[in-house]
K.L.:
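The structure under discussion is supplied below as structure tokens; questions concerning it will follow.
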Amino acid sequence: MKNVVYVTGHKNPDSDSICSAIAYAELKNKTSNIPAMPVRLGNVNRETQFILDYFKVKAPEFLETLKLKVSDLEIDTFEQVTKDMSLRQAWEILKKNQIKSIPVTDKKQQLIGMLSSANLTSSYMDNWDNCILAKSNTSLANILSALSATVVYENKDVTVFPGKIVVGAMTPESMDNRIAEGDIAIIGDRLDAQEKLLNLKVSLMILTGSHYLPDNLMELAKKNNVTVISTPHDSFTTSRLIVQSVPVEYVMQTENLVSFNLDDLVEDVKATMSESRFRSYAVLDDEGKVVGSISRYHLISNKKKKVIQMDHNERSQSVDGLEDAEILEIVDHHRVADIQTANPIFYRCEPIGSTSTIVAKMYNEYGITPSKEIAGLLCGAIISDTLLFKSPTCTPIDEAICLKMAEIAGIDAEKFAQEMFKAGTSLQGKSVDEIFNSDFKPFNIGDVKVGVAQVNTMDIEGFMPLKEEMLNYMNSKCSSEGYDACMLLLTDIIKEGSQVLVAGTKPEIAELTFNVTLEDSTAYLPGVLSRKKQVVPPMTAAILNM
């Protein structure tokens, strides 16, 4: 989508990431002239889906990358050129749009060729076969269009004129040796020459200078089945313009066509163009229909997609292609990480329990009361991130704002939390892949790469039959993606503790972080609920002191 600011949370989004993006995009649309669009970088988990469904809010669209795509460019668009269109009609389209080449399509708008101004130039510079109209299956409609002609008499049984093109600039007596039955004859107002041509049974007679047949010759034309048309041009101009009636199909390029899709990345398009010499290229949609064309000059652009980051400021957690985009704002409640920007930006980071709390504060600062739906999303996200105010990251501000949002949304915060956690913590039917990656974050600390996943569940014991399968999956992820260690926190917010599973070549990282001894790659961590406050800081310290 063009001219829009993408508001996005992090990869493997949790409720705070999704809900804060939706709410902040809504606030930006109320306070800014640039349209803001919430997007997501991964699948919506069960807890978040419960919140969205409860307040009847649609999940944001998925954003794969911020790299420029062909769809982001101002490509050339024009009326379709079809294979049976005359060269004259095609030339008018090229001239009108000030372009040098154009895609040719069939009736279903599928690409079948490319027509360039060079093709049209060759129609004048090359020595054309004088049987070109027959060989190219040129229609009468095309001839009429090219010559601005009108029909005097039409033999409807003849659709293609089989003979050669001749100019009747000779005496009738000379025509026998030069003109044969079926030819296309260009003639002026000489009645004796007209009569001779009709008797020779030419297939098409073209009267120049807007002349018409007298009644007796009209009857002869009908008798001998000769189609007769009249053009306002003189004989020289007519003989020159008639070549423009040839259909596009006859001269277009059909081999080695290069086209691009709207979803193609601009960087890939540049690479392909550098290996070819075409002037322009067709652009196709997902159905293979031609929607325009693109040339090298379209790629000379400083345009960048604009993004606002919510609930994260770490490059590894952000959208692919961030380096090609322009970051406008960051709203977060985590540590300051490694995001760098080319220009000064609005950056708001507060040591509180939820990014959604910050967004709710900003609504209040603008003097705007969020809608029932937005208030409900903010309330649900705060409950999720603060574990209903039990997380050590929770502050009195989080609790006060959450209850205020609950009041606007018309819900009881505690009852809503119970329903939300019940829906969100069920692991039934989930694969180890889905469980581990539902809320996974990578961290690079010094030379060490660690991945930490967290899942809230009210049934840790019910998960344990999957323990070995999960550890195998985690070890495989460490091996394939270069992690020194991977951890999975199974957090029970009711019992206020987490079971940690550890895989990788450096499990001692977890032991040093939590001051525990792993048994069978696992340990119980009483009181550990927050990855941000109770895992990342001690883990960072442990790694740096190893």
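Residues take their numbers from the sequence shown, with the count starting at 1. Being a predicted model, the structure only gives us computed values, none of them experimental.
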K.L.:
Is any side-chain N of the basic residue among E26 and K30 closer than 4.0 Å to the acidic one's carboxylate O?
P.N.:
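Salt bridge between E26 and K30, a charged N being under 4.0 Å from a carboxylate O: yes.
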K.L.:
To the nearest 0.5 Å, what is the distance between CG (N155) and NZ (K222)?
P.N.:
12.0 Å
K.L.:
Are the side chains of P172 and R190 in contact, using a 4.5 Å heavy-atom criterion?
P.N.:
yes
K.L.:
Nearest 0.5 Å please: distance from the OG1 atom of T341 over to the CG atom of N343.
P.N.:
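With rounding to 0.5 Å, OG1 (T341) is 7.0 Å from CG (N343).
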K.L.:
Test I186 against every option in T238, L204, L207, L147 by the side chain to side chain contact (heavy atoms under 4.5 Å, CB included) rule and name the one that passes.
P.N.:
T238
K.L.:
With distance as the sole criterion, is a donor-acceptor pair present between the side chains of T138 and S245 under 3.5 Å?
P.N.:
no
K.L.:
Is there a donor-acceptor contact under 3.5 Å from the side chain of T231 to the main chain of H233?
P.N.:
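Answer holds: yes.
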K.L.:
Is it the case that the side chains of Q110 and D106 hold a donor-acceptor pair, with the cut-off being a distance below 3.5 Å and no angle test?
P.N.:
no
K.L.:
Around atom CD1 of I34, are there more than 12 heavy atoms of other residues, nucleotides or ligands at under 6.0 Å?
P.N.:
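Result for CD1/I34: open.
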K.L.:
What are the two closest heavy atoms between V291 and T77, and how far apart are they?
P.N.:
O-CG2, 3.5 Å
K.L.:
Short question: side chain of S17, backbone of H10 - any donor-acceptor pair under 3.5 Å?
P.N.:
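Yes; judged by distance alone, with no hydrogens or angles, the pair exists.
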K.L.:
NE2/H298 to CD1/I75 distance, rounded to the nearest 0.5 angstrom?
P.N.:
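Between atom NE2 of H298 and atom CD1 of I75 there are 7.5 Å.
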K.L.:
Decide if the gap between the ring center of Y24 and the ring center of F346 is smaller than 6.0 angstrom.
P.N.:
no
K.L.:
Quick one: closest heavy-atom pair of A180 and V202, and the distance?
P.N.:
O-CG1, 4.3 Å
K.L.:
side-chain contact (heavy atoms from CB on, under 4.5 Å) between Q80 and M85: does it pass, once the steps are laid out?
P.N.:
CA-CA 10 Å; Q80 297 287 318; M85 184 178 288; over 6 Å; no
K.L.:
State whether the side chain of S438 and the backbone N or O of I435 hold a donor-acceptor pair below 3.5 Å, judged by distance alone.
P.N.:
yes
K.L.:
Report, as yes or no, whether the 6.0 Å neighbourhood of atom CZ on F62 holds more than 12 heavy atoms from other residues, nucleotides or ligands.
P.N.:
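Result for CZ/F62: enclosed.
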K.L.:
Under 4.5 Å between any side-chain heavy atoms of L217 and E195, yes or no?
P.N.:
yes
K.L.:
Could you give the distance from OG1 (T355) to CG (L378), rounded to the nearest 0.5 Å?
P.N.:
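Going from the OG1 atom of T355 to the CG atom of L378 covers 11.0 Å.
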K.L.:
Is the CZ atom of R348 crowded by more than 12 outside heavy atoms at less than 6.0 Å?
P.N.:
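Yes, because the 6.0 Å sphere around CZ of R348 holds more than 12 heavy atoms from other groups.
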K.L.:
Could you pull out the closest heavy-atom pair between I229 and A149, with the gap in Å?
P.N.:
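Result for this residue pair: CD1-CB, 4.1 Å.
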K.L.:
For S86 and N142, does a side-chain donor sit closer than 3.5 Å to a side-chain acceptor?
P.N.:
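No, N142 and S86 have no side-chain donor paired with an acceptor closer than 3.5 Å.
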K.L.:
Using modelled atom types and a 3.5 Å cut-off, is there a donor and acceptor pairing between side-chain atoms of N261 and backbone atoms of D285?
P.N.:
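Such a contact is found between N261 side chain and D285 backbone.
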K.L.:
Carefully, step by step, assess K56 and E373 under the rule side-chain contact (heavy atoms from CB on, under 4.5 Å).
P.N.:
CA-CA 7 Å; K56 296 180 173 58; E373 292 76 17; 5.8 Å; no
K.L.:
Which atoms form the tightest heavy-atom contact between N437 and K477, and what is the distance?
P.N.:
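Looking at all heavy atoms of both residues, the closest pair is OD1-NZ, 3.7 Å.
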K.L.:
Using a 4.5 Å cut-off on heavy atoms from C-beta on, say whether the side chain of E323 contacts that of R315.
P.N.:
yes
K.L.:
Quick one: sort the F278 and Y281 rings into parallel, tilted or perpendicular, breaks at 30° and 60°.
P.N.:
perpendicular
K.L.:
Can you tell me how far CG of L213 sits from CE of M218, rounded to the nearest 0.5 angstrom?
P.N.:
5.5 Å
K.L.:
Taking all atoms of both residues into account, what is the closest heavy-atom pair of A146 and Q244, and its distance?
P.N.:
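What the structure gives for the nearest pair is CB-C, 4.0 Å.
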K.L.:
Give a yes or no on whether K372 atom NZ has more than 12 heavy-atom contacts from other residues, nucleotides or ligands under 6.0 Å away.
P.N.:
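Result for NZ/K372: open.
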K.L.:
Does N12 use its side chain to pair, donor to acceptor, with the backbone of F440 at less than 3.5 Å?
P.N.:
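The answer is yes, because a donor-acceptor pair under 3.5 Å joins these two groups.
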K.L.:
Within the distance-only criterion (no hydrogens, no angle test), does the side chain of E329 pair as donor or acceptor with the backbone N or O of V307 below 3.5 angstrom?
P.N.:
no
K.L.:
Minimum heavy-atom separation for K100 and R279, please, with both atom names.
P.N.:
CB-CD, 2.7 Å
K.L.:
Crowded around K201 NZ? As in, over 12 foreign heavy atoms under 6.0 Å?
P.N.:
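12 or below, so no.
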K.L.:
With a 6.0 Å cut-off (strictly less than), is the heavy-atom count around CD of E481, excluding the residue itself, greater than 12?
P.N.:
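Atom CD in E481 is packed in, count exceeds 12.
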K.L.:
When rounded to the nearest 0.5 angstrom, what distance separates OG1 in T48 from CG in D53?
P.N.:
10.5 Å
K.L.:
Is it the case that the side chain of D332 and the backbone of H312 share a donor-acceptor pair, with hydrogens and angles ignored and the cut-off at 3.5 Å?
P.N.:
yes
K.L.:
Got a donor-acceptor contact below 3.5 angstrom from the N29 side chain to the A36 backbone?
P.N.:
yes
K.L.:
Given D176 and K196, is the side-chain contact (heavy atoms from CB on, under 4.5 Å) satisfied, shown in steps?
P.N.:
CA-CA 9 Å; D176 288 322; K196 181 64 175 181; 2.9 Å; yes
K.L.:
Are more than 12 heavy atoms from other residues, nucleotides or ligands located less than 6.0 Å from atom CG of D215?
P.N.:
no
K.L.:
For the residue pair N97 and E79, establish whether any side-chain heavy-atom pair is separated by less than 4.5 Å.
P.N.:
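Sidechains of E79 and N97: no contact.
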K.L.:
Dump the intermediate steps for side-chain contact (heavy atoms from CB on, under 4.5 Å) on D157 and N225, then the final yes or no.
P.N.:
CA-CA 9 Å; D157 293 330; N225 295 315; 5.7 Å; no
K.L.:
Looking at S280, S293, S295, S116, which hits side-chain hydrogen bond (donor to acceptor under 3.5 Å, both in side chains) with S101?
P.N.:
S280
K.L.:
Using side-chain heavy atoms (C-beta onward) and a distance below 4.5 Å, is I184 in contact with S203?
P.N.:
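A side-chain contact under 4.5 Å exists here.
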K.L.:
Can you confirm whether K95 sits close enough to E92 that some side-chain heavy atom of one is under 4.5 Å from a side-chain heavy atom of the other?
P.N.:
yes
K.L.:
Given 3.5 Å as the limit, does a donor-acceptor pair link the side chain of T208 with the main chain of D234, or not?
P.N.:
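It does not hold such a pair.
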K.L.:
How about OH on Y366, more than 12 heavy atoms from neighbouring residues, nucleotides or ligands closer than 6.0 Å, or not?
P.N.:
no
K.L.:
Should L27 and I368 count as side-chain neighbours, where that means a heavy-atom distance under 4.5 Å?
P.N.:
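A side-chain contact exists here, since the closest heavy-atom pair is under 4.5 Å.
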K.L.:
Is it the case that the side chain of E434 and the backbone of S431 share a donor-acceptor pair, with hydrogens and angles ignored and the cut-off at 3.5 Å?
P.N.:
yes
K.L.:
Does some side-chain heavy atom of D311 sit less than 4.5 Å from a side-chain heavy atom of H334?
P.N.:
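They are in side-chain contact.
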